[in-house]
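Here the structure is laid out as structure tokens; the discussion comes afterwards.
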Amino acid sequence: MTSKLEALTQWVKQVATLTRPAKIHWCDGSDAEYQALVQQMLADGSLIELNQQTHPGCYLHRSDPKDVARVEQLTLVCHPNQDDAGPNNHWMDPAAAHAKIDALFNGCMQGRTLYVIPYCMGPIDSPLSRCGVEITDSAYVVANMKIMTRMGAPALARIEREGSFVKGLHSTGELDPERRWIMHFPAELSIKSYGSGYGGNALLGKKCHALRIASKQARSEGWLAEHMLIVGIENPQGQTHYIAAAFPSACGKTNLSMLIPPEGYRRGGWKVWTVGDDICWMHPGADGRLYAINPEAGFFGVAPGTSDNTNPNAMKSISHDTIFTNVAVNADNQPWWEGLPGTPVTDWQGRPYDPANGPAAHPNSRFTVSVRQCPTWSEMTEAAQGVPISAIVFGGRRPSLLPLVMEARDWSHGVLMGAAMGSETTAAATGAVGVLRRDSMAMKPFCGYHYGDYFAHWLSFDRPSAKLPKIFHVNWFRKGADGKFLWPGFGENLRVLEWMINRAEGHVSGMETPIGILPAAGELNLEGLKLDRARLDALLEVDAVGWQAELNAIGNYLESFAPRLPERLRQELQRVVEALRKADAKLAPLAAAAS
Ligand code: SAT
Ligand code: MN
């Protein structure tokens with residue numbers, strides 16, 4: 001087969017000449033094609049059938065044990081000018097990068113099938129959507145792309161109509177970490193990935209296209225490509241507010257996007273609608289508001305910790321037609337991971353489970369499932385114009401200092417809050433876990449260009465005609481002196497979202513502090529929640545000494561983006577430093593008098 005689009009046909013030919021596959025398959029995205037791929041993978045062992053009585057249509061894939069997460073040190077953004085990549089990215093000269101990776105691609109598909117995957121990121125008829133074509137030699141990647149994107153014939157038709165697409169070339173190669181690169185060429189709208197078959201390294205529509213390449217496109221076209229979930233909160237009056245929230249990988253975006261309201265809220269008629277759990281593209285609308293689409297069509301969610309207690313909607317979503325990667329199985333051949341009841345018998349590497357070998361499921365094990373299988377799936381996911389955003393939320397894993405919630409006084413302050421974000425690292429990327437690092441807007445691994453320019457782009461949305469959402473910062477992960485989480489999290493987070501909506505609607509006034517606006521006494525609805533006064537105080541405490549150190553650290557971090565750090569952000573930080581100093585000067589004599 002060829003395409004009506006000469007540029008696409010030519011590119012496929014060129015890649016085939018380089019990689020020398022045995023066969024070429026153009027994906028049509030049909031269910032029959034998916035089923036045929038599943039049968040083929042069951043036959044060659046790359047998929048394992050799970051219990052079809054309890055989990056119809058569910059399969060397990062075990063990746064190479066040295067290929068279990070994103071590899072940030074091997075992920076490059078190859079701008080012609082190194083300065084454009086910024087200190088937040090790894091860079092290589094584009095010509096040198098092509099030469100290096102093309103040498104690996106040379107002949108790499110011999111005896112294999114080359115799959116051509118046309119896909120659309122976003123609703124197929126939305127002007128906000130963008131298309132791409134991924135070439136891969138992995139059937140597992142094809143099956144995942146079928147779930148994660150709008151893949152196949154309709155996408156190809158749109159690509160042929162528009163004449164342009166992002167080119168993604170992927171081969172699993174030998175799965176050798178020494179021969180692995182994930183390279184991006186934003187100026188050429190292309191991606192080349194070699195040597196990994198895992199998640200964001202291999203499903204090129206996701207992080208590579210929808211974040212790294214798209215963030216750069218968004219900057220030149222005046223929109224935002226962000227690492228955010230999108231959730232709709234419907235109040236008892238039937239009004240729905242949409243909230244976009246950025247958290248680093250494996251910090252609870254999936255849980256928040258499909259939370260179950262606390263009992264009292266449910267009885268009162270509150271509902272939650274899931275639009276997306278990982279990526280959000282936001283465009284200014286004609287009315288000045290920001291409108292968001294989820295470019296993805298599926299969830300690639302972290303399995304461990306997901307259970308009927310933490311996320312019943314995810315559990316329902318993944319009870320059928322789901323691909324599991326690197327989970328364990330129990331005696332009944334059902335998928336199993338830490339956090340589920342029962343015991344594992346086989347670990348993620350296929351060995352008899354032995355606690356001496358570590359967790360049964362890999363900490364970054366995942367499920368791939370269509371968003372439509374989520375009980376809270378919102379039909380607005382298909383809305384061509386997107387959903388209007390009422391609030392933007394930033395957050396990370398911070399064991400101390402950061403309050404449960406604070407609101408930015410204005411857009412510039414909100415951009416500072418996002419830029420200053422920090423979080424303890426997780427198993428979503430290779431490397432140490434639990435180390436605090438700055439992760440501006442949760443985009444450290446995903447921003448396709450210089451963070452200084454990115455902050456300036458965020459600030460540029462503050463125009464006279466704009467009706468921008470309020471910006472908040474949350475921290476579900478603050479711990480008490482006993483080392484335990486102070487806030488119960490999960491469904492109870494709706495209480496915090498309700499406060500945000502009340503702020504957006506002007507129903508509550510909040511309490512000004514030097515670091516932002518916090519809920520005033522009585523503004524957080526705590527009915528039905530066992531949370532004593534001391535814990536609430538600890539969750540909302542503003543520790544002036546701790547904040548001075550934090551602002552200092554933020555200042556040093558931001559200066560690492562000079563000379564491209566926007567002056568406005570520097571001034572905004574200075575304003576907060578001053579406000580804290582003044583407040584502290586007022587409080588200090590009181591504290592001294594009290595002691
Ligand atoms: O990048 S992945 O898609 O593998 C997962 C993540 O880090 O969010
Ligand atoms: Mn993510």
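Whatever order the structure lists ligands and atoms in, that order sets their numbers, starting from 1. All values reported here derive from a predicted model rather than from experimental measurement. What's counted below: heavy atoms across the whole structure, side chains too, no hydrogens, waters or symmetry copies.
No salt bridge links K216 with D84; every basic N to acidic carboxylate O contact stays at or beyond 4.0 Å. Of the charged side-chain nitrogens involved, at least one lies within less than 4.0 Å of a carboxylate oxygen, so that E221 and R130 count as a salt-bridged pair. D176 has no carboxylate O lying under 4.0 Å from a charged side-chain N of K66, or vice versa, which leaves the two without a salt bridge. Between R112 and D137 there is a salt bridge, since a side-chain N of the basic residue sits under 4.0 Å from a carboxylate O of the acidic one.
Near-neighbour remark for the Mn ion (ligand 2): protein N, O or S atoms under 2.8 Å are K207 NZ, H227 NE2, D278 OD1; waters not counted.
Not a single N or O atom of Y198, backbone or side chain, sits closer than 3.5 Å to an N or O atom of ligand 1.
With hydrogens left out, the protein atom closest to atom 4 (O) of ligand 1 is G200 N, 2.9 Å, a heavy atom. Among protein heavy atoms, the minimum distance from atom 6 (C) of ligand 1 is reached at S249 OG, 3.3 Å. The single protein non-hydrogen atom nearest to atom 5 (C) of ligand 1 is R366 NH2, 3.3 Å, given as residue, atom name and distance. Residue, atom and distance of the protein heavy atom nearest to atom 3 (O) of ligand 1 are K206 CE, 3.1 Å.
Legend: ring-ring contact (aromatic ring centres under 6.0 Å, His included) pairs involving residues 194-220, not counting sequence neighbours, sorted by first then second residue: F105-Y194, Y119-H209.
Residues R366 and F300 share a closest heavy-atom pair of NH1-O, 2.9 Å. Pairing each heavy atom of P123 with each of A383, the nearest pair is CG-O, 3.9 Å.
For the residue pair S440 / Y557, a side-chain donor-acceptor distance below 3.5 Å is found, with atom types taken as modelled.
The local environment of CD in Q73 is crowded, with over 12 non-hydrogen atoms from other residues, nucleotides or ligands closer than 6.0 Å.
Counting the atoms of ligand 1 from 1 in the order shown, those under 4.0 Å from a heavy atom of A428 are 7 (O). Interface of F300 with ligand 1, defined as ligand atoms under 4.0 Å from a residue heavy atom, comprises 3 (O), 4 (O).
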